[in-house]
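Ligands are counted one by one from 1 in listed order, and the atoms in each one are counted from 1 as well.
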Amino acid sequence: MASNPILENIYARRSVRSFEDRPVREEDINELIKAGFHAANGLNLQKLRFSVVTSRTKLNEYSATGKRTFLEYMAANDMTNPHLESNLRNDGFDIFYGAPAAIFIYAAPGIMTATEDASLAAGNIMLAAASMGLGTCWIGFAYHLGSDKVFLKDNKVPEGHKLLAAIILGYPKNKDQMATPRERPHILNWVR
Ligand SMILES: Cc1cc2nc3c(=O)[nH]c(=O)nc-3n(C[C@H](O)[C@H](O)[C@H](O)COP(=O)(O)O)c2cc1C
């Protein structure tokens with residue numbers, strides 16, 4: 001059983017897809033980015049970069065672009081998933097779930113561990129947010145915004161930087177929702 005606040009926070013975190021209509025304080029967002037940047041990173045190159053979007057108008061625009069670019073990517077790679085595609089074709093579906101903020105994580109050129117670094121930073125951000133009463137969700141549907149000129153320009157993303165993660169952020173509407181259940185971990189073997 002969890003017996004310290006860190007473990008309790010890990011087990012209570014869940015993806016949040018419905019938010020109160022109130023902004024997240026800028027100092028809290030800065031704290032979360034700091035927590036993300038404090039994650040372990042390959043060779044301690046510290047090459048992750050972040051951008052923040054709190055404009056609802058822009059998030060709506062990016063949701064539409066995210067859906068379009070994701071569908072284009074699927075078509076170009078012969079990927080089919082009827083459920084996913086029907087969501088992505090639904091004009092009423094907001095990939096950011098009406099969140100008041102999103103943090104985007106990029107890798108600057110020249111890191112060999114870009115995906116690992118960004119994923120660890122995202123994990124830190126989600127756990128730190130949970131500890132502050134904030135809800136988060138990683139938005140994979142946003143991946144291909146990283147190749148959209150408007151998004152890159154708005155977010156002042158330098159040439160060669162790769163978008164690796166998008167985390168939405170806000171105060172959960174339903175505070176009592178339980179964490180998403182997990183199976184028991186599959187430990188293949190324990191070689192002693
Ligand atoms: C790489 C990655 C991409 C994800 N993309 C999405 C997404 O686009 N939309 C969404 O609603 N949830 C997304 N999720 C959230 C997962 O669905 C969620 O983490 C999973 O169902 C487990 O639930 P939990 O986070 O509440 O424990 C993503 C999670 C990860 C790690």
Side-chain angles (χ1 to χ4, degrees), residues 2 6-20 32 35-36 39-41 48 50-53 56 58-75 77 79-107 111 113-148 151 155 162-186:
I6 303 219
L7 285 173
E8 279 164 20
N9 189 48
I10 288 172
Y11 297 139
R13 184 215 55 84
R14 63 186 166 84
S15 291
V16 171
R17 299 181 178 86
S18 172
F19 298 92
E20 284 182 6
L32 292 177
N41 66 104
L48 290 181
F50 303 84
S51 74
V52 179
V53 178
R56 238 352 292 172
K58 276 291 167 189
L59 285 174
N60 287 340
E61 185 185 319
Y62 298 156
S63 173
T65 310
K67 289 189 284 188
R68 178 179 48 78
T69 49
F70 207 96
L71 281 167
E72 286 167 1
Y73 174 83
M74 287 180 77
N77 291 280
M79 292 161 90
T80 46
N81 181 321
H83 174 67
L84 215 67
E85 288 168 53
S86 114
N87 266 342
L88 292 167
R89 290 210 168 85
N90 175 359
D91 287 342
F93 174 55
D94 171 10
I95 66 167
F96 300 115
Y97 302 103
I103 298 175
F104 294 90
I105 309 178
Y106 313 81
I111 5 180
T113 55
T115 308
E116 294 85 346
D117 293 1
S119 301
L120 285 168
N124 269 15
I125 288 172
M126 292 191 283
L127 286 173
S131 80
M132 293 158 65
L134 286 162
T136 57
C137 186
W138 183 317
I139 303 300
F141 281 149
Y143 277 139
H144 303 293
L145 285 174
S147 49
D148 180 69
F151 176 86
N155 286 269
K162 202 169 171 216
L163 175 64
L164 290 164
I167 308 293
I168 53 169
L169 191 63
Y171 291 95
K173 230 180 201 159
N174 179 356
K175 291 190 181 51
D176 302 325
Q177 200 175 317
M178 302 292 286
T180 315
R182 290 292 192 273
E183 299 170 5
R184 282 169 70 89
H186 300 262

Can you pull out the closest protein heavy atom to [atom]? Residue, atom name and distance to 0.1 Å, please.
atom: atom 29 (C) of ligand 1; value: W138 CB, 3.8 Å
atom: atom 12 (N) of ligand 1; value: R17 NH2, 3.2 Å
atom: atom 18 (C) of ligand 1; value: S15 OG, 3.5 Å

*Please walk me through it: do M132 and L169 pass side chain to side chain contact (heavy atoms under 4.5 Å, CB included)?*
CA-CA 11 Å; M132 293 158 65; L169 191 63; over 6 Å; no
*Given that the side chain starts at C-beta and the backbone is N, CA, C, O, which of these parts of A165 lies under 4.0 Å from ligand 1, counting heavy atoms, or is it both or neither?*
neither
*asked:* Testing V53, I167, L164 one by one against F104 for a side-chain contact (heavy atoms from CB on, under 4.5 Å), which residue passes?
replied: V53
*asked:* Show, in sequence, the C-alpha distance, side-chain angles and deciding distance for L134 and L32, and conclude whether the side chain to side chain contact (heavy atoms under 4.5 Å, CB included) test is met.
replied: CA-CA 10 Å; L134 286 162; L32 292 177; 4.2 Å; yes
_Within the structure, is a non-hydrogen atom of Y11 found at a distance of less than 4.0 Å from ligand 1?_
no
*asked:* Check contact between M126 and ligand 1, using heavy atoms of the residue and a distance below 4.0 angstrom.
replied: no
*Validation row: L127, I10 side chains within 4.5 angstrom (heavy atoms)*: yes
*Would you call Y73 and M79 a side-chain contact if the rule is heavy atoms closer than 4.5 Å?*
yes
Go through ligand 1 atom by atom and flag the ones less than 4.0 Å from a non-hydrogen atom of [X].
X: T180; answer: 23 (O), 24 (P), 26 (O), 27 (O)
X: R14; answer: 26 (O)
X: R182; answer: 22 (C), 27 (O)

_Pair I95-S63, side chain to side chain contact (heavy atoms under 4.5 Å, CB included): steps then yes or no_ = CA-CA 5 Å; I95 66 167; S63 173; 3.7 Å; yes
Regarding ligand 1, does [X] bring an N or O atom to under 3.5 Å of one of the ligand's N or O atoms?
X: Y97; value: yes
X: Y143; value: no
X: F141; value: yes
X: G140; value: yes

*Using the ring pair (Phe, Tyr, Trp, His ring centres under 6.0 Å) rule, pick out the option among Y62, F141, F93 that qualifies with F70.*
F141
_Gap between atom CG of L48 and atom CG of D117 - 0.5 Å precision_ = 5.0 Å
*Answer yes or no for atom 20 (C) of ligand 1: protein heavy atom present at a distance under 4.0 Å?*
no
*Could you tell me whether the side chains of R13 and N9 share a donor-acceptor contact shorter than 3.5 Å?*
no
